[in-house]
Each structure stands twice: as structure tokens, then as C-alpha cells.
Undergrad: 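Encoded as C-alpha cells, here's the structure I'll be asking about.
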Amino acid sequence: EAAVTQSPRNKVAVTGGKVTLSCNQTNNHNNMYWYRQDTGHGLRLIHYSYGAGSTEKGDIPDGYKASRPSQENFSLILELATPSQTSVYFCASGTGSSAETLYFGSGTRLTVL
Amino acid sequence: SQWGEENLQALSIQEGEDVTMNCSYKTYTTVVQWYRQKSGKGPALIILIRSNEREKRSGRLRATLDTSSQSSSLSITGTLATDTAVYFCAFYGNEKITFGAGTKLTIKP
């Protein structure tokens with residue numbers, strides 16, 4: 001079965017600190033995605049990747065960087081965390097076709113104080 | 001926005017009743033997907049409908065797609081308490097999948 005694992009599950013950070021959220025997939029999917037979920041906004045795309053070494057900006061990339069060092073791993077980096085980045089973050093993988101199914105991890109709850 | 005409906009909607013119904021959720025979209029798409037997200041989990045695909053299909057069924061689920069009005073619906077018949085979740089519609093366009101705000105469905109036992 002498709003497996004996407006996120007770490008950590010919960011994270012508390014201070015304003016101005018650096019935060020790295022990690023995602024690992026064992027599906028051998030080319031595409032990986034980072035979304036954030038806030039009440040009333042659904043899931044909003046931050047960054048995505050077509051494969052190792054590639055990162056693309058999504059709809060709300062400001063304040064975030066992404067890194068895809070391998071097929072399996074995709075990280076989301078907040079260089080200078082702000083309270084407005086308090087949210088639940090989801091990673092997903094997909095095959096990359098027009099009818100691709102996204103397989104999501106269980107999310108990381110990030111609180112920036 | 002690429003979606004017509006942006007606000008998270010909330011529905012609360014009795015177990016056993018039927019329910020229909022709707023969404024509309026603005027950008028051309030060939031595929032609409034419906035995902036279900038249970039508390040504390042990530043979303044999971046429950047049904048996918050293509051532009052050449054007007055209706056798709058899967059067990060108690062029924063999805064429709066009207067490309068002329070750019071709208072889709074998801075119906076659940078004979079709801080169970082385990083159907084309590086947030087339901088998202090999502091569409092593929094501009095080489096990525098975009099999600100709507102979702103409908104929070106609560107089934108009362």
C-alpha cells in the first residue's frame with residue numbers, strides 16, 4: 001500500500017527560527033507536494049516537485065523553500081518562521097498523470113510562537 | 001480563485017439519511033476528484049470522475065460532473081457514523097491538483 005510518512009507530527013517553533021518538515025514516500029512516485037491546511041481555506045499548494053533535484057512554486061510559496069534530494073524525500077523549509085505559518089502541513093505523492101491520485105501523509109501540526 | 005465556492009461548509013444529518021455535496025470550478029479540467037479526510041488524518045481519494053463521464057458510482061458514493069456548468073457533486077446514500085469527515089473536491093489543471101475549501105459532514109448516530 002502507498003505510504004507517505006511525515007516527521008515530526010507536531011512541532012513548536014519560535015518566531016524567526018528555522019523549521020524543517022520532512023516527508024518520505026515509498027511509492028516510487030515522481031511527484032511530491034506540500035500543502036498547508038487552514039480552516040476555511042482547504043488545502044493550499046506551497047511547493048511541488050517532479051523528481052529528484054526539482055522544485056516548483058505552488059500557489060503560496062512565499063516564506064517557504066523546498067528540497068527534493070532524492071525520489072523518496074521532500075522537505076519543506078521555513079528559514080524565518082512567523083506566527084502566520086502556524087498551520088497543519090501535508091505532504092503528498094502522486095504519479096504525475098492528469099488523473100493522478102494523491103497519497104497524503106498524516107500531517108505535521110506546526111505552531112509558531 | 002479557481003473555485004466558485006470557497007467557504008468551508010458544514011452539514012449535520014442523521015445516520016441513514018442521504019446527502020449531496022456540491023462544488024463548482026472556474027478553470028477547464030478533465031478530471032474531478034473527491035477526497036475524504038477523517039480527523040487527524042490526511043485526505044484520501046474516494047472517487048474520481050473524468051470529463052467524458054457524467055456519473056460515477058462506487059458503493060454508496062455517486063459523483064456527477066457537468067462540464068457545461070463546471071460543477072460536480074458527491075452523494076452518499078444511507079450515511080453511516082463512519083462517514084463523518086471533511087470532503088474535498090479537487091481538479092487537475094495547470095499541471096497540478098487544486099482543492100476546494102471542503103464540506104465538513106457530521107453524521108449523528
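Numbers restart at 1 for each chain; the letters A, B, ... are given by sequence-line order, proteins then strands.
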Undergrad: By a 4.5 Å heavy-atom criterion (distance strictly below it), what part of A:Q6 contacts chain B: side chain, backbone, both, or neither?
TA: neither
Undergrad: Keeping the roles fixed (side chain from B:K38, backbone from B:T82), state whether a donor-acceptor pair exists under 3.5 Å.
TA: yes
Undergrad: Can you run down the salt bridge (charged side-chain N to carboxylate O under 4.0 Å, His left out) pairs that involve residues 104-113 of chain A, sequence neighbours left out, and say none if there aren't any?
TA: none
Undergrad: Between the main-chain N or O of B:I107 and the side-chain N or O of B:T84, is there a donor-acceptor pair closer than 3.5 Å?
TA: yes
Undergrad: Using the test side chain to side chain contact (heavy atoms under 4.5 Å, CB included), find all partners of A:Q71 that sit at least two apart in sequence or belong to another chain.
TA: A:Q25, A:N28, A:N30, A:R68
Undergrad: Tabulate, in ascending numerical order, the residues of residues 43-52 of chain A having at least one heavy atom closer than 4.5 Å to a heavy atom of chain B, or enter 'none'.
TA: A:L43, A:L45, A:Y48, A:Y50
Undergrad: Please set out all donor-acceptor pairs under 3.5 angstrom arising from side-chain atoms of residues 16-23 of chain A, sequence neighbours excluded.
TA:
none

Undergrad: Using ring centroids (six-membered ring only for Trp), state whether B:F99 and B:Y35 fall under 6.0 Å.
TA: yes
